[in-house]
Amino acid sequence: MVHAGVARVILAGELDLQTGPAVREAVRACLAKEATSLCLDLTDVAFCDCAGLTALLRARAAVLGTGVDFVVEGVGVQLARLLRLIGAEGMFVERDTNPGSAQWASGTAGTHRGAPSAAPAGLPPRRLA
């Protein structure tokens with residue numbers, strides 16, 4: 001979904017060898033609509049294996065390669081552990097999800113082109129599971 005230049009890809013279920021291509025296609029479709037910012041919502045991802053992780057890293061590279069801002073929401077415990085195990089915990093910027101706060105999460109490494117003072121319009125804060 002793209003609204004006012006802000007794309008949001010919502011993933012749910014398992015992120016693995018079978019679903020990885022759908023991630024790439026969803027990101028590609030958003031970029032084709034000339035999004036200026038892309039948010040990957042992982043709140044409802046219950047499982048991610050190495051193929052799913054590869055899909056996420058390739059999506060990140062594709063988005064950043066076009067100069068589009070890239071953030072994620074809802075990195076769960078399992079995915080966070082996987083990222084930590086491979087030393088990639090700083091690869092994704094996660095937006096602060098405190099209600100009433102539109103700031104980017106502090107203490108995260110940059111995949112965002114420039115740390116804006118507020119979250120992009122059209123992306124309401126969401127509480128992490």
Side-chain angles (χ1 to χ4, degrees):
M1 154 176 56
V2 179
H3 178 70
V6 180
R8 184 180 194 84
V9 177
I10 301 171
L11 304 176
E14 296 183 357
L15 191 51
D16 55 20
L17 187 61
Q18 289 183 328
T19 59
V23 174
R24 287 190 300 275
E25 184 53 40
V27 168
R28 191 171 323 161
C30 289
L31 293 175
K33 293 181 181 182
E34 300 181 6
T36 57
S37 178
L38 190 137
C39 177
L40 205 57
D41 186 342
L42 306 173
T43 303
D44 295 323
V45 172
F47 173 79
C48 181
D49 67 7
C50 60
L53 180 58
T54 298
L56 292 176
L57 292 172
R58 285 183 177 164
R60 176 188 176 271
V63 172
L64 294 176
T66 63
V68 171
D69 292 336
F70 180 73
V71 294
V72 296
E73 280 185 0
V75 175
V77 174
Q78 189 262 334
L79 179 55
R81 181 173 184 271
L82 183 58
L83 290 168
R84 193 171 42 256
L85 285 172
I86 66 164
E89 64 270 20
M91 295 288 291
F92 297 99
V93 171
E94 187 161 13
R95 221 163 22 89
D96 186 359
T97 57
N98 294 327
S101 173
Q103 299 297 315
W104 296 94
S106 60
T108 54
T111 56
H112 192 66
R113 278 189 294 146
S117 60
L123 293 178
R126 180 179 226 169
R127 186 173 303 280
L128 294 175

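Throughout, residue positions are numbered sequentially from 1 according to the sequence presented.
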Taking only residues two or more places apart in sequence or in another chain, which ones pass side-chain hydrogen bond (donor to acceptor under 3.5 Å, both in side chains) with Asp16?
Thr19

Are Phe92 and Leu56 side-chain neighbours, meaning at least one heavy-atom pair lies under 4.5 Å?
yes

Report yes if some heavy atom in the side chain of Leu11 is under 4.5 Å from a heavy atom in the side chain of Val23; otherwise report no.
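SC-SC contact between Leu11 and Val23 confirmed.
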
What's the spacing between His3 NE2 and Ser37 OG if we round to 0.5 Å?
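One finds 13.0 Å between NE2 of His3 and OG of Ser37.
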
From Asp49 atom CG to Thr54 atom OG1, the distance as rounded to the nearest 0.5 Å
8.5 Å

Locate the shortest heavy-atom distance separating [X] from [Y]; write the atom from each residue and the value.
X	Y	answer
Val9	Ala26	CG1-CB, 3.9 Å
Ala59	Val27	CB-CG2, 3.8 Å
Pro21	Leu17	CD-O, 3.4 Å
Cys30	Leu38	CB-CD1, 3.7 Å

Just grab all the side chain to side chain donor-acceptor pair (under 3.5 Å) pairs involving residues 77-87, residues at least two apart or on different chains.
none

Going by side-chain contact (heavy atoms from CB on, under 4.5 Å), name the residues that satisfy it together with [X], two or more places apart in sequence or in a different chain.
X	answer
Leu82	Cys48, Leu53, Leu79
Ala88	Leu83, Ile86, Met91
Ala61	none

Which pairs count as salt bridge (Lys or Arg N to Asp or Glu O under 4.0 Å) when at least one residue sits in residues 19-37, sequence neighbours excluded?
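Counting only pairs at least two positions apart or across chains, the salt bridge (Lys or Arg N to Asp or Glu O under 4.0 Å) contacts touching residues 19-37 are Glu25-Arg28.
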
